[in-house]
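Just below is one structure, and these are the notes that go with it.
Below, chain A is the first sequence line, B the second, and so on; all start at residue 1.
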Number of protein chains: 2
Amino acid sequence: MNSSVIIRAPLHVQVAERLRLMIDSGELEPGARLNEIDLCNTMGVSRTPLREAIRSLATEGLIELQPNRGASVSIISHEDVSEILPIMAALEGLGGRLAAVHMTAEKIAQVRKVHDQMISHYQNREVAEYFETNRLIHELVTEGSGNQTLVDTINSLSAKVRRARFSAQMTEESWAKAVSEHAEIIAALEAKDPERLEAILIQHVETKRATILGTLEDKN
Amino acid sequence: MNSSVIIRAPLHVQVAERLRLMIDSGELEPGARLNEIDLCNTMGVSRTPLREAIRSLATEGLIELQPNRGASVSIISHEDVSEILPIMAALEGLGGRLAAVHMTAEKIAQVRKVHDQMISHYQNREVAEYFETNRLIHELVTEGSGNQTLVDTINSLSAKVRRARFSAQMTEESWAKAVSEHAEIIAALEAKDPERLEAILIQHVETKRATILGTLEDKN
DNA sequence: CGGCTTTATTTTGCATACAAAATACGATAT
DNA sequence: ATATCGTATTTTGTATGCAAAATAAAGCCG
């Protein structure tokens with residue numbers, strides 16, 4: 001018996017991942033039409049698995065389907081962000097509340113470590129690294145809740161907001177605020193204080209909302 | 001120009017709806033394997049749209065996919081319910097908080113009307129009608145939040161929990177508690193008290209959790 | 001020259017066909 | 001009788017083909 005079986009993911013799954021990546025990276029911009037034949041050629045697959053992948057991403061909300069008119073990358077509107085962020089606040093708050101109770105000392109130490117890295121990136125004004133460590137902290141906390149459905153739900157919403165691409169627009173002021181909130185997050189986590197962590201995470205998303213909607217106002 | 005164009009939904013959408021219904025109604029039981037050819041015959045469509053529909057439901061979580069082994073109706077476990085209900089509590093709470101602020105007097109009156117119907121169904125022990133009006137109230141409140149993403153998110157989670165089919169197991173006691181909580185819900189809504197409505201809805205889902213997990217314990 | 005109709009081309013929607021994997025079945029050997 | 005191997009059948013995965021709808025283009029008339 002071979003215990004290290006190589007499981008090749010079905011084509012439609014691979015294609016879906018690839019598409020997700022293309023959308024997330026901006027290679028496929030919001031509103032861009034998805035020409036099936038073109039995509040088939042670039043990916044080297046037939047239309048069947050491609051279409052299955054497109055249907056998946058459509059139910060995820062990353063893509064919009066117009067009958068007989070194909071698919072296009074869905075556009076994240078000002079209104080969408082306004083809808084999503086309060087939901088994320090509630091869910092991240094819940095995640096934090098659960099994490100404060102369930103996370104092991106080792107896990108918390110790990111978050112602390114990433115947190116310190118993030119602070120250093122902040123001080124050095126290393127934007128990309130800052131955002132990556134930031135994202136990782138939130139992921140670790142949410143995962144620390146031990147609620148996989150919660151993790152999935154947040155990720156799904158987060159994927160949509162991420163495409164608003166507000167990061168570049170962050171001001172020095174809002175950045176500083178985010179960092180100080182993160183200090184409170186790690187403190188509440190180490191103190192294993194569910195209510196406090198929940199409150200801070202909700203406030204943190206509110207700060208994020210203000211930042212994002214501020215920049216979106218500029219663009220529109 | 002014809003302003004009343006008949007828009008026929010794509011087959012894969014119709015098939016997805018049909019499958020959702022079959023799963024929701026129990027015609028397709030949890031764990032049941034989905035034979036593509038059989039389903040194609042019963043629905044009178046080819047495998048292409050059927051498979052597209054299956055992929056959609058899989059990303060929704062209603063169906064599970066095993067590579068080269070087809071799809072089966074996903075089984076909702078004790079653990080899944082334990083994960084989902086706290087999320088629903090947070091989201092329904094948020095929905096209530098927003099609804100208390102945003103709902104018009106007319107809408108609130110409508111909820112009151114359905115509420116009164118529900119009470120009457122409760123008194124007459126009309127279970128099916130009770131559950132339908134119950135569901136409708138929660139739907140109206142959530143929609144009253146004015147946050148469509150929230151409505152969609154809750155519906156998606158709700159669809160999974162619904163399949164646990166706890167309804168028949170409801171005791172007289174838990175039923176009475178649910179009804180009394182509903183009275184508080186309508187009161188908080190009419191008083192336009194966001195915090196109170198949020199708290200009650202969260203408590204209400206907690207009651208639901210206790211009921212469901214109680215019955216699941218019995219079965220397992 | 002501009003707007004409208006008609007025709008050609010592209011693109012999507014659905015069905016079918018073929019390939020590969022998994023399952024079911026049966027024969028053989030122990 | 002049971003286990004195992006090999007074959008047949010079923011089922012899924014992918015590609016292709018055809019029809020319908022939409023878009024683009026050409027021709028026509030004002």
Which whole-number value in Å describes the distance from A/Arg47 CZ to C/dT12 P?
7 Å

Rounded to whole Å, CD of B/Gln66 lies from P of D/dT11 at a distance of 16 Å

Measure from the side-chain N and O atoms of A/Ser145 to the backbone N and O of A/Leu98, and report whether any donor-acceptor pair falls under 3.5 Å.
no

So which of residues 48-62 of chain A are in contact with DNA chain C, with a heavy-atom cut-off of under 4.0 Å?
A/Arg51, A/Arg55

Pull out every residue in residues 28-40 of chain B that has a heavy atom closer than 4.0 Å to any atom of DNA chain C, ordered by number, or say none.
none

Just how far is it from atom [atom1] of [X] to atom [atom2] of [Y], taken to the nearest 0.5 Å?
X        : Y        : atom1 : atom2 : value
A/Arg20  : A/Leu28  : CZ    : CG    : 13.0 Å
A/Asp152 : A/Thr142 : CG    : OG1   : 11.0 Å
A/Glu17  : A/Asp24  : CD    : CG    : 12.5 Å

Apply side-chain contact (heavy atoms from CB on, under 4.5 Å) to residues A/Arg162 and A/Ile76 and explain how you reach the verdict.
CA-CA 9 Å; A/Arg162 197 163 42 236; A/Ile76 177 98; over 6 Å; no

Under the side-chain hydrogen bond (donor to acceptor under 3.5 Å, both in side chains) test, which residues partner B/Arg135, sequence neighbours left out?
B/Glu132, B/Glu139

May I ask you to check whether over 12 heavy atoms, not counting those of A/Glu126, lie within 6.0 Å of atom CD?
yes

Contact nearer the 5' end of DNA chain C, comparing B/Asn68 with A/Ala71:
A/Ala71

Do the charged groups of A/Arg55 and A/Glu52 touch, with an N to O distance under 4.0 Å?
no

When the nearest nucleotide of DNA chain D is assigned to A/Arg69 and to A/Ser46 on a heavy-atom basis, which residue is associated with the more 5' position?
A/Ser46

